[in-house]
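Both backbone and side-chain heavy atoms feed into the values below; hydrogens, waters and symmetry mates do not. Note that this is a predicted model, so its numbers are computed, not measured.
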Amino acid sequence: MFFLNGMSWIKCLAIMMAFTLFSLPLLPDSRARIDLNQAYWDADFIQIVDCFQKRNYQSLSLDEKLLFIECLARTGRNNLAGEKIKQIDIEQSHRSRIYACAGWVFLSSGYLDKAEDILDKSLELDGNTPNAMLAKMLLLLYLKQYGKSEKLFDHFLKSNPNLVHSFQVFLIGVEIFSAVGNLPKMFNWYNQRAKWMKKSDKQTAENLKASARLYKSIRKEKLFETTTEADTVTLPFAGTPDNGYFFINFRTGKSRPFRIILDTGNATGWMIHDRELYDNLKLKIGGRTTAIIGTEAQALDGYRVYTELLDFESFQLHHLIGFYIPKPRSDFFDGNLNPIFIRNRVISLDGKKRQLVLRTKAAFDCYLANLRPEEYVRLPWYGYEQVFLPVMVNQKMNGLGIIETGAEDIAVKLSFAQILRLPLKPKIRYLSNGKVYRFFEAPISVFLGQWRFDRKNIEVWSFERFYRRLSGLTADVVLGPQVFKENWIVSFDPFSRQVFIEGPGT
């Protein structure tokens with residue numbers, strides 16, 4: 001159990017009892033400049049926040065305040081959401097809606113255990129509170145309870161037939177069915193959306209239909225399924241030892257080696273960027289899509305694609321759904337693979353021997369049994385597309401970390417650094433389009449269990465672009481590949497839902 005922003009469990013509980021949060025934004029003010037209810041179900045949380053920021057907060061009704069707070073949380077501004085929620089007096093008759101909104105604030109802040117407690121309270125008071133149900137679905141995905149999330153979503157659809165065609169519900173359905181790996185439901189979900197959109201937006205309907213056909217053609221398969229020649233197989237990392245990233249080489253026939261980065265921050269799982277690789281793999285193509293890549297200022301256009309097989313000789317990776325996003329720059333990687341999408345093997349990034357290791361569960365347990373307890377730490381693994389885990393900073397504050405091997409070294413969220421009162425030194429950086437991004441540098445010590453990582457100058461960012469688009473969740477601490485690339489081995493065990501980190505000297 002862990003808490004963020006330095007709060008003790010007593011303080012968290014006190015805040016929980018003071019919260020007054022909401023479920024469905026029923027807004028009686030017909031004079032509003034935008035249809036806030038429609039914007040909410042269209043998942044346009046930014047527009048809602050912008051609207052409320054122009055108004056006097058104290059003049060807002062309870063429903064409006066709660067809507068504002070939830071949308072702040074869901075657009076990554078959980079600290080401000082937490083400040084505002086504490087100003088709301090509890091109203092007994094509105095407790096279910098109050099607790100539902102509190103759940104969103106806790107979820108976006110990374111208080112997953114507290115989010116679960118208060119969302120359960122909301123649903124105990126009213127089992128059909130829409131906002132509580134939506135938040136609980138996403139929470140269950142972060143807790144890796146995929147089946148429960150899907151079951152709750154099915155119940156939501158039956159209880160709220162008038163919301164089935166809303167864009168927000170469509171997006172949440174995509175997240176759930178993708179996480180579960182339910183391809184027949186993915187086909188039906190896209191197909192249903194395409195039929196509904198046909199009259200209002202023919203172009204979007206055609207893209208949805210193309211993606212539906214893609215899922216239909218593979219709906220009997222298991223995504224990212226891996227077969228190996230032995231219980232333990234390895235693949236060396238490419239590049240020189242001073243390379244800042246984990247990447248591997250891949251060939252198609254007699255082709256040149258394609259550089260594929262192993263990126264645990266890739267929420268899509270598989271991306272192809274190189275046109276030659278795209279042509280060689282003989283892909284199935286779905287509808288058009290866009291993707292946000294951390295180094296690029298703008299969303300990039302591409303297509304949804306299906307790759308039947310990636311053959312690395314010692315192991316094969318089957319049935320990869322992902323995107324084709326053409327290279328934004330000539331020096332970009334040829335492909336991007338998130339190894340944690342593989343669920344039938346334990347995956348290890350071995351910085352000591354510079355290799356990727358895939359093991360069966362039995363082989364990994366045997367390997368672990370030969371290590372002394374002091375040689376490694378085990379930490380809970382949260383997240384269904386990425387790796388979130390508890391961290392401690394400067395020996396005094398618990399937070400939520402993310403292992404992001406597509407990043408660089410250690411970075412910290414600005415609001416978290418401010419609470420820590422780190423000495424911040426202003427810096428600037430330029431994105432690929434020349435846009436200036438301002439950030440800070442500060443010294444820090446990060447603990448992963450017993451392991452300590454000291455840095456004289458880590459980067460401190462607002463992370464305003466990197467929140468999860470439906471939950472608003474952002475990590476407090478980003479752990480890039482340079483944290484682990486030399487003396488460390490980090491293993492992701494999907495069976496136990498844990499991360500294992502072996503330290504120097506093991």
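Residues D365 and K361 are paired through a salt bridge, judged by an N-O separation under 4.0 Å between the basic side chain and the carboxylate. A salt bridge links R275 with D279; the closest basic N to acidic carboxylate O contact falls under 4.0 Å. Classification of K202 and E206 as a salt-bridged pair fails, no side-chain N sitting under 4.0 Å from a carboxylate O. Under the 4.0 Å criterion applied to side-chain N and carboxylate O atoms, E385 and R468 are assigned as salt-bridge partners. Residues D334 and K327 are paired through a salt bridge, judged by an N-O separation under 4.0 Å between the basic side chain and the carboxylate. The existence of a salt bridge linking K185 and D154 is confirmed by a sub-4.0 Å separation between a basic side-chain nitrogen and an acidic carboxylate oxygen. The existence of a salt bridge linking R378 and D493 is excluded, since no basic side-chain nitrogen approaches an acidic carboxylate oxygen closer than 4.0 Å. At a threshold of 4.0 Å, the pair R359-D231 does not count as salt-bridged, since none of the basic side-chain nitrogens sits closer than that to a carboxylate oxygen.
Using modelled atom types, one finds no donor on one side chain facing an acceptor on the other under 3.5 Å when comparing D263 with N338. There is a side-chain donor-acceptor pair under 3.5 Å between Y190 and R304. Counting only N and O atoms by type, the side chains of Y376 and S491 include no donor and acceptor under 3.5 Å apart. Between S122 and S96, the side chains place a donor N or O and an acceptor N or O closer than 3.5 Å (distance only, hydrogens not considered). D63 and H94 share no donor-acceptor pair across their side chains, judged by distance under 3.5 Å alone. With hydrogens and angles left out, the side-chain atoms of R74 and Q168 include a donor and acceptor closer than 3.5 Å. Using modelled atom types, one finds a donor on one side chain and an acceptor on the other under 3.5 Å when comparing T252 with N280.
Note on ring orientation: taking the six-membered ring where Trp is involved, the planes of F170 and F167 are parallel (angle under 30°, cut-offs 30° and 60°). Using bins of under 30°, 30° to 60° and over 60° for the plane-to-plane angle, the ring pair W451/W488 lands in the perpendicular bin. Between Y278 and Y324, the ring planes are tilted. Angles from 30° to 60° get that label.
The shortest heavy-atom contact between G472 and Y467 is O-CB, 3.7 Å. Across H318 and T227, no two heavy atoms sit closer than the pair NE2-OG1, 3.0 Å. Residue H273 comes nearest to I325 through the heavy atom pair ND1-O, 2.8 Å, listed as atom of the first residue, atom of the second, then distance. For the residue pair M137 and S149, the shortest heavy atom distance occurs at O-OG, 2.9 Å. L470 and E175 get closest at one heavy-atom pair: CD1-CG, 3.6 Å. Counting all heavy atoms, side chain and backbone alike, L36 lies closest to I48 at O-CD1, 3.8 Å.
Inter-residue side-chain proximity for V377 and E502 is flagged as unmet; no heavy-atom pair is nearer than 4.5 Å. Residues L134 and K136 have side chains not in contact (no heavy-atom distance under 4.5 Å, counting atoms from C-beta outward). L479 places none of its side-chain heavy atoms less than 4.5 Å from the side chain of V387. The side-chain heavy atoms of L107 and N78, taken from C-beta on, include no pair separated by under 4.5 Å. No side-chain heavy atom of L337 sits less than 4.5 Å from a side-chain heavy atom of I261. In this structure, the side chains of L389 and I403 come closer than 4.5 Å at one or more pairs of heavy atoms.
Here NZ of K284 is found 11.0 Å from OG1 of T307. Values are rounded to the nearest 0.5 Å.
Cation-pi geometry between K413 and W461 is not satisfied (NZ or CZ under 6.0 Å from the ring centre, within 45° of the ring normal). Remark: R288 qualifies as a cation-pi partner of Y303 under the 6.0 Å distance and 45° angle criteria applied to the six-membered ring. Stacking of R354 on the aromatic ring of F237 is not recorded, the 6.0 Å distance cut-off and the 45° axial limit not both being met.
Between F364 and F500, the ring centre distance stays below 6.0 Å. Here F388 and Y382 keep their ring centres 6.0 angstrom or further from each other.
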Verify ring-ring contact (aromatic ring centres under 6.0 Å, His included) between F187 and Y215, making sure each step is shown before the conclusion.
CA-CA 5 Å; F187 160 67; Y215 284 110; 8.9 Å; no

Criterion side chain to side chain donor-acceptor pair (under 3.5 Å) on T360 and R345, from CA distance to verdict
CA-CA 5 Å; T360 62; R345 293 292 187 276; 6.0 Å; no

Show your working on salt bridge (Lys or Arg N to Asp or Glu O under 4.0 Å) between D311 and R251 and close with a plain yes or no.
CA-CA 8 Å; D311 190 346; R251 294 178 184 271; over 6 Å; no

I'd like to know whether E150 forms a side chain to side chain donor-acceptor pair (under 3.5 Å) with N182, so could you lay out the CA-CA distance, the side-chain angles of the two residues, the decisive distance to 0.1 Å, and finally the verdict.
CA-CA 10 Å; E150 185 179 25; N182 193 327; 2.9 Å; yes

Run the ring-ring contact (aromatic ring centres under 6.0 Å, His included) test on F153 and F177 for me, step by step, so that the C-alpha distance in whole Å, both residues' side-chain angles and the decisive distance to 0.1 Å come before the verdict.
CA-CA 10 Å; F153 186 61; F177 298 145; 5.6 Å; yes

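Without hydrogens or angle criteria, N160 side chain to L163 main chain gives no donor-acceptor distance under 3.5 Å. With hydrogens and angles ignored, the 3.5 Å screen pairs a side-chain donor or acceptor of S471 with a backbone N or O of L473.
Just one residue in the list F224, F492, Y384 forms a ring pair (Phe, Tyr, Trp, His ring centres under 6.0 Å) with F341, and that residue is F224. Screening F315, F312, W270 against F250 for a ring pair (Phe, Tyr, Trp, His ring centres under 6.0 Å) leaves a single residue, F312.
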